[in-house]
Amino acid sequence: MSDTATGDGLRVLQRVVLPADRDLDVLKLYVEGEIGRGAAAFAAEAEAAAATGGEGGDIVGRRSVVVPVGRRVSFATYFNAFPASYWRRWTSVDEVFLRVRVRGQANVIVYRSSSKGHVSRVASVRVDSDDAHEETFRLTLSPFIDGGWYWMDVLAGERDAVLERADWCAEPGHVRQGRVSLGITTFDRPTFCVDQLVALAAAPEVLDVVDEIFVVDQGNRKVRDDDRYASAAAGLGSRLRLIEQPNLGGSGGFSRAMDETLRSGTSDYVLLLDDDVVTETEGILRAVAFGDFARTPTIVGGHMFNLFVRSQLHAYGETIAKYRWWWEEAEHTRREHDFALPPVQGPDPDATPKTSSGGLLKTPWLHRRVDVDYNGWWMCLIPTDVVRKIGLSMPMFIKWDDAEYCVRAGEAGFPTVSLPGMAAWHVPWQDKDDSIDWQAYFHERNRVVTALLHSPYERGGNLVKESYIISVKHALAMQYSTAELMLSALEDVLTGPEHMHAGIRGKLADINAFRGAFPDAQNRPSHEEFPQVRTNRPPKRGRTPKPPAGRVNVLATAMLGAVKQLRPVDPSAHGNPQTVIPHIDRHWGLLSKFDSALVSSADGTKVAWYQRDPDRFRRILRRTSLLHARLSREWPQLSARYRSAMDELASPEAWRRTFEASEGTGGDGAPGAPGAARR
């Protein structure tokens with residue numbers, strides 16, 4: 001019997017599960033309390049039962065929990081509580097059924113919360129039986145307009161209580177089971193990518209709703225060369241299609257997966273996955289179910305957990321601050337929330353620091369429904385109806401492609417929902433230098449292009465002013481390569497939308513060649529590979545320089561930094577760096593106080609020698625002033641050009657021409673490599 005269509009006529013929306021790898025770091029995301037054993041312990045029991053003709057196979061998997069005598073466990077957890085308010089707001093479901101199968105001596109209690117985090121007991125049942133006993137609770141979604149969850153607790157009596165399985169279900173009505181294709185874009189991460197394929201092959205209940213898995217390999221280290229690829233491919237069978245194409249960035253890889261899904265013509269959805277994530281595969285089923293019941297075609301996104309601190313929720317909801325056109329966390333949410341740590345106490349929940357921690361019951365803001373502008377493409381389901389209506393990604397290579405797509409979809413009437421209980425573990429942003437390395441070009445260009453396409457404010461609101469200030473800060477910080485890339489991005493934007501498809505294949509090579517001439521872009525693995533740190537003057541009054549704090553000090557530091565550019569560089573600073581600045585202290589206001597400095601990278605693996613160049617600073621200041629003035633002046637005309645070209649830029653036909661132009665070259669640009677290898 002399928003887990004999506006059941007004997008009682010109900011459709012499963014969300015299954016109660018435990019972590020597939022039994023990782024204790026993430027256990028609190030699934031269950032709170034003391035459990036005796038789970039699916040792994042049941043395997044031997046099931047094997048013995050099967051050998052004697054019993055039905056022990058029913059409890060094999062990762063869905064079973066034993067609650068020891070006198071103990072209590074709660075499923076008021078991220079992955080197993082039911083996000084009732086999201087189903088209430090966005091779908092046709094008006095009541096759900098909690099179906100539990102238990103044996104032993106157990107009390108099952110159902111609770112709900114309000115948007116304020118207040119908890120109410122809803123229903124309960126007592127079971128005392130050596131045989132499996134199934135109970136169903138019928139639960140309304142009426143009180144969940146603004147927020148709230150449902151969940152259950154299981155209490156053991158004088159004998160162990162065994163939860164064999166539990167499901168949150170709904171009456172299907174006229175809603176049919178949707179089908180999905182998966183699109184994984186990868187570049188030189190074969191191990192990560194094959195890990196995902198292995199996990200999918202081990203989840204047959206997920207594969208039941210999957211038509212095809214497109215792996216778009218754009219790298220030089222090929223996925224097919226991984227030792228485990230053949231085994232993973234065998235487990236996935238004809239569903240797997242490996243496509244090798246030159247590096248067209250995330251937008252090119254994901255657009256290829258979207259287009260292949262459209263060409264196949266069988267799937268209702270395409271679900272996009274980054275290559276550097278670990279996915280909770282159960283989220284695929286939940287996303288498809290949510291999409292099936294959604295009142296209108298809806299983009300369904302997964303949340304992002306920290307791959308290095310796996311109990312830490314890194315991104316719960318994302319919005320765009322439209323006046324400055326920049327990403328930010330959704331209102332009433334917190335970044336870096338750790339479910340495994342005790343909560344930070346405070347009289348005002350909204351005043352809780354961003355690093356506040358605690359489980360679902362201990363964190364009031366998690367009970368409020370969060371509405372978003374977009375969801376990252378680390379894990380994001382897009383209905384094919386949406387793709388047919390608004391097209392593929394914009395040709396942005398990387399950065400802003402996911403945000404732009406969701407904003408475009410929203411303007412066409414298709415909302416985006418970031419769905420609790422659907423998530424992937426991803427490398428956190430704080431461990432990346434993507435705002436100052438080669439990606440600085442794409443950050444700047446794509447931010448400006450997205451604002452030209454969608455900003456509701458005249459001349460982009462505060463964007464042009466903020467972009468100018470950022471470029472000057474980089475120049476003051478001796479990050480000349482970053483400042484120059486920003487200006488190169490603006491020059492390309494000013495040429496018009498035609499440059500985007502035309503340059504997607506070769507721009508990265510141009511950027512890397514350009515950056516090679518700048519000291520701040522030349523990284524080495526250790527401080528010892530540079531001359532010894534030496535300074536001619538001790539710190540003034542023995543005080544170590546620090547970044548400025550407060551508006552007045554920031555403005556004063558900027559003025560002093562600009563005045564400093566009128567002075568010649570200390571000759572000794574060319575021979576020896578004057579100081580060492582760890583990444584955590586890498587602030588433009590601190591860097592502007594020196595003529596040279598060794599600066600470490602965000603991931604702690606590299607060091608660069610920043611060196612002040614007054615002539616370069618003055619050239620950058622002159623260019624950034626002229627380019628930003630021109631951008632502001634020409635904004636209305638540019639916006640009209642980009643908006644009129646939007647449909648064509650994102651069309652399957654335009655992307656197919658780009659794909660075809662890239663055929664015959666491998667990921668490294670070498671001629672003769674296969675353009676599309678299919679299994």
Side-chain angles (χ1 to χ4, degrees), residues 2 4-5 11 172 174-186 197 200 204-218 233 236-245 248 250-273 284-301 377 379-395 401-402 405-406 408-409 412-414 416 647-663 674-679:
S2 167
T4 56
R11 166 80 183 272
H174 298 294
V175 175
R176 67 176 182 84
Q177 172 65 58
R179 308 286 303 172
V180 64
S181 289
L182 310 183
I184 303 172
T185 297
T186 184
L197 300 181
L200 289 168
E205 69 285 350
V206 174
L207 294 180
D208 282 346
V209 304
V210 173
D211 290 323
E212 294 181 283
I213 301 170
F214 301 105
V215 176
V216 184
D217 189 350
Q218 303 185 133
L236 295 171
S238 60
R239 293 182 182 86
L240 180 62
R241 289 177 58 189
L242 178 63
I243 300 170
E244 294 178 355
Q245 69 180 25
L248 304 178
S251 65
F254 288 131
S255 288
R256 184 67 181 264
M258 292 180 189
D259 190 45
E260 294 290 342
T261 301
L262 290 183
R263 286 173 180 261
S264 293
T266 58
S267 295
D268 303 284
Y269 311 97
V270 56
L271 191 147
L272 307 180
L273 291 167
I284 298 172
L285 292 175
R286 296 176 182 185
V288 171
F290 195 90
D292 287 349
F293 282 92
R295 294 190 188 94
T296 189
T298 298
I299 297 173
V300 186
W377 281 354
M379 187 181 193
C380 191
L381 178 132
I382 304 173
T384 50
D385 285 347
V386 174
V387 181
R388 292 188 187 97
K389 178 69 180 292
I390 73 168
L392 313 181
S393 169
M394 290 290 287
D401 47 349
D402 45 13
Y405 194 89
C406 293
R408 183 168 17 124
F414 305 118
T416 296
D647 290 345
E648 168 60 20
L649 288 172
S651 69
E653 293 75 21
W655 271 108
R656 288 168 191 170
R657 290 192 293 271
T658 295
F659 297 144
E660 289 166 4
S662 300
E663 293 293 331
R678 301 173 186 242
R679 187 187 182 282

Practice item. Could you name each residue pair satisfying salt bridge (Lys or Arg N to Asp or Glu O under 4.0 Å) that touches residues 174-183, not counting sequence neighbours? Key: Arg176-Asp268, Arg179-Asp211

Review point. With a 4.5 Å limit on heavy-atom distance, are the side chains of Leu207 and Ile213 in contact?
Key: yes

Study note, to complete from the structure: Paired with Met258, the side-chain contact (heavy atoms from CB on, under 4.5 Å) test is passed by just one of Thr384, Val270, Val386, namely Val270

Review point. Between Ser651 and Glu648, is there a donor-acceptor pair closer than 3.5 Å when you use the side chain of the first and the backbone of the second?
Key: yes

Review point. Do Arg656 and Glu660 meet the salt-bridge criterion of a basic N to acidic O distance under 4.0 Å?
Key: no

Which atom pairs, donor and acceptor, lie under 3.5 Å between side-chain atoms of residues 291-298 and protein residues at least two apart or in another chain?
unit_1	atom_1	unit_2	atom_2	d
Asp292	OD1	Gly178	N	3.4
Asp292	OD1	Tyr269	OH	2.7
Asp292	OD2	Arg11	NH1	3.4
Asp292	OD2	Arg11	NH2	2.7
Asp292	OD2	Gly178	N	2.8
Arg295	NE	Thr91	O	3.3
Arg295	NH1	Arg89	O	2.5
Arg295	NH2	Arg88	O	3.2
Arg295	NH2	Thr91	O	2.9
Thr298	OG1	Thr296	O	2.7

Check your understanding: Under 4.5 Å between any side-chain heavy atoms of Ile284 and Leu182, yes or no?
Key -> yes

Exercise for review: Mark yes or no: Arg256 above the aromatic ring of Phe214, with NZ or CZ under 6.0 Å from the six-membered ring centre and no more than 45 degrees from the axis.
Suggested key: no

Check your understanding: Does any non-hydrogen side-chain atom of Leu197 lie less than 4.5 Å from one of Ile184?
Key -> yes

Check your understanding: Got Thr416 and Tyr405 here, is their nearest side-chain heavy-atom distance under 4.5 Å?
Key -> no

Check your understanding: To the nearest 0.5 Å, what is the distance between NZ (Lys389) and CG (Asp647)?
Key -> 10.0 Å

**Study point:** Non-neighbouring partners of Phe414 that pass ring pair (Phe, Tyr, Trp, His ring centres under 6.0 Å), sequence neighbours left out
**Key:** none

Review point. At their closest point, which heavy atom of Val216 faces which heavy atom of Gly253, and how far apart are they?
Key: CG2-O, 3.6 Å

Practice item. Please report the closest heavy-atom contact between Thr185 and Gln218, naming both atoms and the distance. Key: CG2-NE2, 3.8 Å

Exercise for review: Go through the structure and list residues passing side chain to side chain donor-acceptor pair (under 3.5 Å) with Arg408, not counting sequence neighbours.
Suggested key: Glu404

**Study point:** side chain to side chain donor-acceptor pair (under 3.5 Å) partners for Ser181, two or more places apart
**Key:** Ser267

**Study point:** Nearest-0.5 Å distance that lies between atom CD1 in Ile382 and atom CD1 in Ile390
**Key:** 7.5 Å

Study note, to complete from the structure: Sorted by chain and residue number, the side chain to side chain contact (heavy atoms under 4.5 Å, CB included) partners of Asp401 (sequence neighbours excluded) come out as Ser251, Trp377, Ser393, Met396

**Study point:** side chain to side chain donor-acceptor pair (under 3.5 Å) partners of Thr186, counting only residues at least two apart
**Key:** Asp275

Check your understanding: With sequence neighbours excluded, what pairs up with Asp385 under the salt bridge (Lys or Arg N to Asp or Glu O under 4.0 Å) test?
Key -> Arg388

Check your understanding: Is there a side-chain contact between Asp259 and Trp655 (heavy atoms, below 4.5 Å)?
Key -> no

Exercise for review: Hey, could you give me the OG1/CD distance between Thr658 and Gln245, rounded to the nearest 0.5 Å?
Suggested key: 10.0 Å

